Structures are given as structure tokens and as C-alpha cells.
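Below: one structure, written as C-alpha cells.
Here is the naming used below: chain letters follow the sequence lines, and residue numbers restart at 1 for every chain. Basis for what follows: all heavy atoms, side chains included, without hydrogens, waters or symmetry-related copies. Source: prediction; values computed, not measured.
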There are 2 protein chains.
Amino acid sequence: MKRIAVDMDEVIADAVAEHLLRYNRDHDEKLTKDDLRGKWLWDVVALDRHPALEAYLRSEDFFEVLDVMPESQRVLLALQDKYEVFIATAAMEVPTSFMAKFRWLERHFPFIAPSHIVFCGDKSILKADFLIDDNPRQLRRFSGEGILFTSPHNVAVAGFKRVKDWLEVEEMFL
Amino acid sequence: MKRIAVDMDEVIADAVAEHLLRYNRDHDEKLTKDDLRGKWLWDVVALDRHPALEAYLRSEDFFEVLDVMPESQRVLLALQDKYEVFIATAAMEVPTSFMAKFRWLERHFPFIAPSHIVFCGDKSILKADFLIDDNPRQLRRFSGEGILFTSPHNVAVAGFKRVKDWLEVEEMFL
């Protein structure tokens with residue numbers, strides 16, 4: 001059985017939407033995902049507001065309230081019939097997120113066994129056939145085949161097979 | 001550079017000693033590591049006391065107060081010159097342990113970058129050349145070369161290269 005590793009943020013969990021929502025609310029701004037084309041949120045927000053951006057990620061509930069990316073539950077459940085599915089998230093960048101991320105997965109993806117959840121930093125440690133991730137830096141390190149999941153910040157990135165949503169993941173693998 | 005993945009409990013952290021200490025203290029017993037030869041603590045403790053054993057592992061400070069295994073700091077630091085070292089622990093079995101394990105590593109192994117820490121369940125997900133682990137079940141799943149780190153419960157296990165302490169790890173790899 002081939003193995004697929006799947007990233008969390010921006011792939012099954014809409015972290016950018018929550019990040020924008022909190023930032024806009026507190027700073028009286030109206031940034032949208034369209035403003036982030038080709039950029040990270042960190043690139044469009046002034047340096048003196050970066051501590052606020054950091055603080056949102058470190059707040060206890062941030063990773064617990066994220067929306068689920070459309071169709072990701074249905075498609076991941078179907079993928080499990082034909083592939084071994086692991087969730088692999090770079091949680092070590094925000095250690096305060098561990099429990100929130102674990103609980104979020106329990107709630108929204110109860111069919112993923114805890115044994116198939118990986119909190120890591122550098123995804124070169126993953127032994128899998130495929131990695132679906134929005135982060136080109138992680139895909140470059142990964143030893144299997146990297147699939148770039150479209151996200152505002154990566155629209156201009158070339159060199160990977162790309163899927164723009166979970167319907168395209170379904171088409172590619174099922 | 002070859003990559004070595006290293007387990008935490010019973011390899012760099014003395015979890016069994018702390019588990020025995022708490023169990024003996026609360027149950028007026030005098031179990032020692034010698035009593036665990038060829039067995040897990042769960043095998044020698046009566047079933048009706050298993051909830052207590054569980055509770056120790058889930059208590060917030062358990063994984064934070066563990067003793068460091070002798071020589072593991074010095075040898076791991078030296079290994080980093082010649083190998084890429086990852087710490088990989090089956091933390092998903094006790095989700096309440098995430099922060100305590102992370103803080104324990106920060107305190108005792110500050111030279112291991114967070115990007116090289118992995119919390120997982122099934123260690124078949126690790127892409128590494130070697131895995132040093134006390135758990136034969138994890139070594140069997142691992143795709144690289146498994147090195148069994150001697151622990152009371154595994155003294156009778158055959159079929160793996162074995163090291164009995166960190167001096168033997170040093171000899172094997174350096």
C-alpha cells in the first residue's frame with residue numbers, strides 16, 4: 001500500500017483565514033487572501049506588527065478553531081481505502097500548538113489514528129511515497145514525490161505537481 | 001551524512017525509574033528494574049492497579065522530571081559531528097505529554113534543534129539510516145537498521161544489533 005503524508009495548515013486546516021480574521025479585527029484592516037498572492041502574511045504586514053501575528057499563533061485556541069478545508073474529510077476518508085494516510089505537521093515551530101492540533105484532528109478527522117499523526121519540523125524525516133503540502137521548502141526536502149497544494153503564498157511557485165483543492169487530490173489519487 | 005533517529009523513553013530518558021518510584025511510593029511496594037526483566041511494568045502489576053499506572057503517565061509533570069540516561073548527552077553531542085541526529089518519540093500514545101517532553105528536551109538536549117524532534121506513533125514513518133530504540137515492535141516496523149537499546153523488558157529479545165548503554169552507542173558509531 002502506498003503511503004501519503006498530508007500537511008495540516010493550508011491543506012486540511014484553514015489557518016490563513018483565521019490569521020487574517022484576527023489581524024483584521026484587531027488592526028482595523030481588511031486584508032483578504034487575494035492580498036496574499038505570492039506572499040506570506042508576514043510579507044504584507046508591517047514589521048512592528050509581527051509580534052501580534054506571532055501572538056495569534058501562540059494563543060491557546062488558535063489551532064483549535066480553524067475551519068476544515070472543503071472536501072478534505074470526505075476525500076481523506078476515501079483515500080484510506082487505497083493508501084496509508086499520515087498527517088504530518090511542522091508543529092515544532094509553534095510548540096504551544098501541540099494539544100490544540102491534536103484535539104482538532106480528533107474532532108474533525110476521527111478516522112485518522114493517533115499512530116498516524118506526526119508532529120515534526122523538517123519533513124525530510126518522513127518516509128512516504130507522496131507529501132501533499134503548501135510549503136515548497138518542505139517539499140524540496142522531502143524524498144518522495146511532492147504535491148504542492150495551492151495556497152495564496154505559493155501561486156507563483158513552479159517545479160511541482162500542483163493541486164488547487166481536494167477535488168483535484170481526489171482526481172489525482174482515486 | 002547518515003541519519004540516526006533516537007527514541008526518548010528508556011533510551012535518553014529514564015521513564016521506568018520514575019514510573020517505579022511513583023508506583024512504589026503510592027502502593028507501598030519495592031519493585032525494582034530487576035523485577036522487570038523480560039516484562040513491562042504492566043505485566044507485573046495487578047490489573048486493578050493499571051489505572052494508577054496510566055494516571056502517572058498522564059500527570060502533567062511525569063515526562064518533565066525524568067532523569068537523563070548516563071552519557072547520552074555527551075555521546076549525542078559528539079554524534080552530531082558525524083551524523084544527522086533526530087529525536088523520535090511515540091508521544092501520540094500519551095498526548096498530554098507533548099509539552100513536558102518538548103520542555104525536557106529543551107532543558108537537557110538544547111543542542112537538538114526543534115526541527116529535529118519528531119512526535120509520532122508508528123515509527124515506520126521515519127526516514128533514517130538507524131533507529132536506536134528499546135521497543136522491538138517499533139524496530140520491526142522501521143525501514144532502516146534498528147539498534148535495540150537494552151531495557152529490562154527487552155533482555156530476552158533477539159534479532160537486532162543491541163547496545164546496553166550510551167558507551168556502546170559511542171563505540172558503534174564513533
Flag yes if [X] and [Y] sit in one hydrophobic cluster, no otherwise; membership is Ile, Leu, Val, Met, Phe, Trp, Tyr, and two members link when side-chain heavy atoms are under 4.5 Å apart.
| X | Y | value |
| --- | --- | --- |
| B/Val85 | B/Phe173 | yes |
| A/Val169 | A/Val155 | no |
| B/Met8 | B/Leu126 | no |
| B/Val68 | B/Leu21 | no |
| B/Phe63 | B/Ile12 | yes |

- Message: Please give me the minimum heavy-atom distance between B/Ser143 and A/Lys127, naming the atom from each residue.
- Response: OG-CD, 3.0 Å
So, taking the atom named [atom1] in [X] and the one named [atom2] in [Y], what distance separates them when rounded to the nearest 0.5 Å?
| X | Y | atom1 | atom2 | value |
| --- | --- | --- | --- | --- |
| A/Ile125 | B/Ile87 | CD1 | CD1 | 10.5 Å |
| A/Asp122 | B/His116 | CG | NE2 | 5.5 Å |
| B/Phe119 | A/Cys120 | CZ | SG | 11.0 Å |

- Is the CZ atom of B/Arg37 crowded by more than 12 outside heavy atoms at less than 6.0 Å? no
- Query: More than 12 foreign heavy atoms under 6.0 Å from NZ of B/Lys33: is that the case here?
  - Reply: yes
- Message: Quick check on B/Phe98 against chain A: is it the side chain, the backbone, both or neither that has a heavy atom closer than 4.5 Å?
- Response: both
- With sequence neighbours left out, the residues meeting side-chain hydrogen bond (donor to acceptor under 3.5 Å, both in side chains) with B/Glu145 are B/Lys161
- B/Pro95, B/Ala113, B/Pro114: which one forms the most heavy-atom pairs within less than 4.5 Å of chain A? B/Pro95
- Item | Residues of residues 99-112 of chain A with any heavy atom under 4.5 Å of a heavy atom in chain B | A/Met99, A/Phe102
- Query: Under the side-chain contact (heavy atoms from CB on, under 4.5 Å) criterion, do A/Glu93 and B/Ser115 qualify, and how do the steps go?
  - Reply: CA-CA 7 Å; A/Glu93 293 167 5; B/Ser115 63; over 6 Å; no
